[in-house]
Amino acid sequence: MIPASFAYHRAASADEALSLAAEHGEDAKFLAGGHSLLPLMKLRFAAPEVIIDIGRLSELSFITDEGSAIRIGALTRHHDVEHSELLAREIPLLAHAAGQVGDPQIRHRGTIGGSVAHGDPASDLPAVLLALDATFVARGRAGTREIPAGEFFRSLFETALEPGELLTEIVVPKPANGAAWSFQKFTKRAIDWAIVGVAVQDDRIGLINMGSVPLRAGRAEAALAAGEPVADAAAVAAEGTSPGSDIHASRAYREHLARVLVGRALEEARSRS
Amino acid sequence: MKVSVRVNGHDMTADVEDRMLLVHFLRDVAGLTATNVGCDTTSCGACTVLLDGESVKSCTVLAAQADGRAVTTVEGLAGNGEMHPVQRAFHEQHGLQCGFCTPGMVMAIVSLLRENPHPTEEQVRAGLEGNLCRCTGYHNIVRAALAAAEVAS
């Protein structure tokens with residue numbers, strides 16, 4: 001399979017990427033590692049006329065300790081997040097989950113920013129970053145702004161990023177109790193997207209593939225906040241979600257999985273802390 | 001567009017379509033046909049090559065993204081008529097049946113052993129999650145990876 005024709009531009013700096021995006025408008029897409037966009041282009045689900053390759057902007061590949069938070073450049077690869085000693089120590093949920101994305105080859109190419117900007121509710125890292133209460137930094141021609149993860153994902157493959165705006169950084173606050181985490185991903189094969197996945201950090205719960213956007217399990221979180229036991233919180237984990245039915249699972253099965261996996265994740269997070 | 005890639009130690013420059021995939025650059029432009037196209041959807045790993053020393057699926061990389069970088073295919077592993085230790089281990093451990101997945105498996109294992117020279121069996125299995133064997137010959141493939149690690153140590 002071969003993508004539809006496009007014009008390829010490689011940006012040498014974030015500034016150049018932004019001017020190219022301004023020049024080409026809605027015909028253009030940023031290409032980071034290409035492991036979300038290229039498969040869609042090969043299937044002709046996406047056919048941008050212009051590709052702006054930002055994959056070599058080393059200025060956007062970093063993991064730095066800022067005291068109360070860790071800043072991660074949008075072009076940091078899953079492989080580098082997975083093997084970061086800083087993240088393993090301070091935010092083990094994120095290092096672990098990055099190591100569960102796809103397979104080693106995919107992790108050598110795919111980036112954390114690409115995964116977030118793609119806005120796929122079946123991706124692992126958006127729900128993980130919701131559970132970590134992360135903030136996304138976006139740069140446009142007008143300047144830089146910060147968008148809380150909870151306000152970023154708007155609908156299927158649609159985010160709060162404006163046309164021509166570039167996701168540059170992900171800011172992850174260090175959790176109150178870094179050890180209180182769990183990541184549960186239910187797949188048929190290792191490399192598949194999660195049929196349902198759950199990320200827990202402290203008492204925040206992120207849900208993968210339980211609706212058109214990555215979600216927090218609000219009802220279950222409220223139950224925990226009210227002092228209810230884990231089993232009672234898990235029992236309401238699917239409330240307020242709207243998962244789809246597809247060849248892999250029915251809606252009812254996904255709701256069942258969400259309850260089971262939230263229960264397991266909360267138990268594991270508590271046993272670690 | 002003009003793309004220059006160092007393929008198995010040799011510089012190769014060609015004028016290709018912007019949309020050309022790396023696997024087609026290797027097979028059709030460089031004439032290196034050991035790298036197979038299997039699923040063509042980033043799943044099976046048959047097209048795995050090394051890009052600057054790390055395993056990637058060349059059906060999901062543009063030739064343009066490899067411009068100025070080094071690619072190694074399975075043809076580039078043997079030196080001076082000697083098989084690479086991973087190739088030899090596949091031979092000795094009967095790590096292939098039909099052989100279709102083998103170039104990708106070998107390259108994935110070369111990359112894995114660079115990152116982790118002494119993997120456990122479990123780490124080898126996890127490290128090969130992105131490579132499918134349609135003969136289901138996984139046991140001997142894993143044995144070959146472990147044997148190659150043993151030889152290298």
Side-chain angles (χ1 to χ4, degrees), chain A residues 1-12 29 31-57 75 77-80 82-83 96 99-111 114 185 187-193, chain B residues 1-3 16-25 28 37-69 104-105 107-116 119 123-132:
Chain A
M1 295 180 294
I2 295 167
S5 287
F6 56 83
Y8 173 91
H9 297 278
R10 185 182 303 139
K29 287 286 276 183
L31 181 77
H35 274 53
S36 298
L37 184 55
L38 287 177
L40 289 185
M41 289 169 63
K42 289 174 68 178
L43 293 166
R44 309 276 174 123
F45 289 148
E49 288 175 22
V50 174
I51 283 292
I52 303 166
D53 185 358
I54 55 171
R56 297 195 194 189
L57 303 185
L75 286 170
R77 303 177 308 164
H78 302 315
H79 176 81
D80 299 317
E82 175 187 3
H83 293 286
H96 172 84
Q100 304 298 308
V101 175
D103 56 49
Q105 290 96 315
I106 289 170
R107 297 194 291 271
H108 284 146
R109 296 291 301 163
T111 65
K185 180 176 173 180
T187 60
K188 286 184 177 164
R189 300 177 305 169
I191 52 177
D192 287 333
W193 277 275
Chain B
M1 69 174 295
K2 198 178 196 183
V3 170
V16 302
E17 275 193 89
D18 292 13
R19 61 178 173 168
M20 178 175 264
L21 299 168
L22 177 59
V23 69
H24 296 133
F25 183 90
D28 302 339
V37 179
C39 69
D40 211 359
T41 57
T42 339
S43 301
C44 79
C47 66
T48 299
V49 300
L50 306 186
L51 182 61
D52 285 347
E54 293 177 321
S55 59
V56 302
K57 294 181 170 178
S58 59
C59 77
T60 310
V61 178
L62 296 171
Q65 290 176 292
D67 181 40
R69 303 180 65 178
M105 283 285 183
M107 301 317 285
I109 291 168
V110 169
S111 181
L112 168 72
L113 295 181
R114 278 185 188 173
E115 287 173 15
N116 180 5
Q123 287 170 331
V124 169
R125 288 184 184 274
L128 292 178
E129 276 177 358
N131 292 75
L132 303 180

Next item on the list: Find the one option among B:Val56, B:Leu112, B:Asn131, B:Val61 whose heavy-atom pairs under 4.5 Å with chain A are most numerous.
Entry: B:Val56
Checklist line | Side chain / backbone / both / neither for B:Thr60 at chain A, heavy atoms under 4.5 Å | finding: both
Checklist line | A:Ile2 and B:His24, any side-chain heavy atoms less than 4.5 Å apart | finding: yes
Next item on the list: Locate the shortest heavy-atom distance separating A:His108 from B:Ser111; write the atom from each residue and the value.
Entry: CE1-OG, 3.6 Å
Check: Which answer fits B:Val37, side chain, backbone, both or neither, if we ask what part of it has an atom under 4.5 Å from a heavy atom of chain A?
Finding: neither
Notebook entry, point to check: Given the rule in the salt bridge (charged side-chain N to carboxylate O under 4.0 Å, His left out) test, do B:Lys2 and B:Asp67 qualify, once you have shown the distances and angles that lead to the verdict?
Noted result: CA-CA 8 Å; B:Lys2 198 178 196 183; B:Asp67 181 40; over 6 Å; no
Notebook entry, point to check: What part of B:Arg69 is in contact with chain A, defined as an atom under 4.5 angstrom from a non-hydrogen atom: side chain, backbone, both or neither?
Noted result: side chain
Next item on the list: Heavy-atom pairs under 4.5 Å with chain B are the metric here; pick the option from A:Leu37, A:Ile106, A:Leu31, A:Leu38 that has the most.
Entry: A:Leu38
Checklist line | Selection from A:Pro39, A:Gly33, A:Gly55, A:Pro3 maximising heavy-atom pairs under 4.5 Å formed with chain B | finding: A:Pro3
Next item on the list: Determine the minimum heavy-atom distance between A:Thr187 and A:Trp193, stating which atoms define it.
Entry: CG2-O, 3.6 Å
Check: Between B:Gln65, B:Glu17, B:Met1, which shows the greatest number of heavy-atom pairs under 4.5 Å with chain A?
Finding: B:Gln65
Check: Are side-chain heavy atoms of B:Leu128 and A:Asp103 found at a separation under 4.5 Å?
Finding: no
Margin query: Less than 4.5 Å to any heavy atom of chain B: does that hold for the side chain of A:Leu43, its backbone, both, or neither?
Written below: neither
Checklist line | Shortest non-hydrogen contact between B:Gly130 and A:Ile191, atoms and distance | finding: CA-CG2, 3.9 Å
